[in-house]
Amino acid sequence: MFNNNFMIKSKKILIVGAGGFIGGHLVNRLLKDGNSIVASDIKPKEYWFQDFPEAENHYAMDMKDISNCRKVVENIDYVFNMACNMGGMGFIENNKAECMQSVLINTNLLIACKEKKVQRYFFSSSACAYNTTKQKDVFIEGLKEEDAYPANPEDGYGWEKLFSERMCRHFQEDYGLEVRVARYHNIYGPYGTYDGGREKAPAALCRKVILAKKENLETIDVWGDGQQTRTFLYVDECVEGTLRLFESNHSDPINIGSDEQVSINQMIEMIENISGVNSFNKNYQLDKPKGVRGRSSNNDLIKKVLNWSYKMSLKDGLSKTYKWIESEMNQKGSNINRFTKS
Ligand code: GDC
């Protein structure tokens, strides 16, 4: 049930993947709420999106090595596993073996948590865990939690997420480690990747529009025919939902996503409006990675279990994201986050 004495305070919390997009936002929030944070990431310091000196930071630490897990899990109350080798469709479709090796991070962390008697563990799963045969049409019904089975997830990345969800479940059943599992639906916002190959559609399309406007181009490239659909959730909402879930008693996987389903063309139109440019010609690249045809989140369960729903519209979230990417591009020219090492 929803706990009204929200939020987590004065705890010692380990965040793995803290140098990444959602991990960085989570560290920020938990520090503000008065917790003591241990932050780790495989990425060296210069590739962290956000880096807070108040936290105990472990740069270039690989959790596929269990000795690293054992080291940082010592004396920790809660663990958030936000780490995996991932990206948008351009990355996960071409790096399936890399994506699947993230199973080692989750497995090693669970073992270390069990040994060191950590109270509660969070695993960041994905909408890619859902059965792909249920996502073959545009504007499908929102995916319900039970739609992950029978299993036929996104190849590579989605299989790793589904397997790791189950690993969490069995650690709770067999060893009493409390687990919480969220299935994130395409989270976007500032302090994330917008170029270099790992970027997802919202950031990639903001970048393309900003560049086209800057260089007076008439056309932008779009992967697929633009009619494929998705839902996108702003990162602050994702962090809020994650913390509320963490405090709840719900241990089965649950959607954290938006149900504002749009086609990629509709999202581009929103971005064009934000940019103040009327419209660019579209070069539809049908040979690029497209993923599933349609995807949306059904939010009945999270509303029931947490009595909570996100508020930020896609238009408002894109506007914030666009501004951040534009200012980064003005300062740096391109995204510094080109970290590709596994
Ligand atoms: O990359 P993504 O945001 O991942 O792509 C959404 C759709 O946007 C795809 O059909 C893609 O072809 C289209 N698209 C059009 N132009 C572009 O320039 C572009 N770049 C990108 N990247 N896409 C473009 C994601 C996973 C994540 C995560 C979420 C969970 O799948 O990649 O790792 O797990 O799902 O929902 P998407 O939504 O297919």
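What you see below is based on every heavy atom in this structure, not just the backbone, and it leaves out hydrogens, waters and symmetry mates. In each ligand, atom 1 is the first atom listed, and ligand 1 is the first ligand listed.
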Near K290 NZ, under 6.0 Å, is it more than 12 heavy atoms from other residues, nucleotides or ligands?
yes
Under 3.5 Å between any N/O of V222 and any N/O of ligand 1: does that happen in this structure?
no
Taking only non-hydrogen atoms of A127, do any sit less than 4.0 angstrom from ligand 1?
yes
Is the shortest N/O to N/O distance between L205 and ligand 1 below 3.5 Å?
no
Thinking salt bridges, do K114 and D174 make one under a 4.0 Å N-O criterion?
no
Does V292 approach ligand 1 within less than 4.0 angstrom via side chain, backbone, both or neither, non-hydrogen atoms only?
neither
Does any N or O of ligand 1 fall below 3.5 Å from an N or O anywhere on K290, backbone included?
yes
Does ligand 1 come near enough to W223 that some N or O of the ligand is less than 3.5 Å from an N or O of the residue?
yes
Show me, pair by pair, the donor-acceptor contacts under 3.5 angstrom made by side chains of residues 13-25, not counting sequence neighbours?
unit_1: H25; atom_1: NE2; unit_2: P190; atom_2: O; d: 2.8

Measuring from atom 3 (O) of ligand 1, which candidate in A201, G257, C206 has the nearest non-hydrogen atom?
A201
Could you check whether Y191 and F49 have their ring centres less than 6.0 Å apart?
no
Quick check against the 3.5 Å criterion: does T193 have a side-chain atom that pairs as donor or acceptor with the backbone of D195?
no
For G224, is at least one N or O under 3.5 Å away from an N or O on ligand 1?
no
Answer with side chain, backbone, both or neither: which part of N186 has a heavy atom less than 4.0 angstrom from an atom of ligand 1?
both
Select one of side chain, backbone, both or neither to describe which atoms of K288 lie under 4.0 Å from any atom of ligand 1, heavy atoms only.
neither
Taking 4.0 Å as the limit for heavy-atom contacts, which would you say applies to K208 with ligand 1: side chain only, backbone only, both, or neither?
side chain
Heavy-atom contacts under 4.0 Å between Q228 and ligand 1: side chain, backbone, both, or neither?
side chain
Do the side chains of E240 and R244 get close enough for a salt bridge, i.e. N-O under 4.0 angstrom?
yes
Side chain or backbone of Y157 under 4.0 Å from ligand 1, or both, or neither, by non-hydrogen atoms?
side chain
Counting the benzene-type ring for Trp, do Y78 and F246 have ring centres under 6.0 Å apart?
yes
Is it the case that ligand 1 has an N or O less than 3.5 angstrom from some N or O of E199?
yes
When clusters are formed by joining ILVMFWY residues with side-chain heavy atoms under 4.5 Å apart, either directly or through shared neighbours, do Y322 and L314 land in the same one?
yes
Please find the pair of heavy atoms, one from M86 and one from F91, that lie closest to each other, and give the distance.
C-CD2, 3.5 Å
Residues passing the ring pair (Phe, Tyr, Trp, His ring centres under 6.0 Å) test with Y121, sequence neighbours excluded, are none
Using heavy atoms and a threshold below 4.0 Å, how should the contact between A204 and ligand 1 be classified: side chain, backbone, both, or neither?
side chain
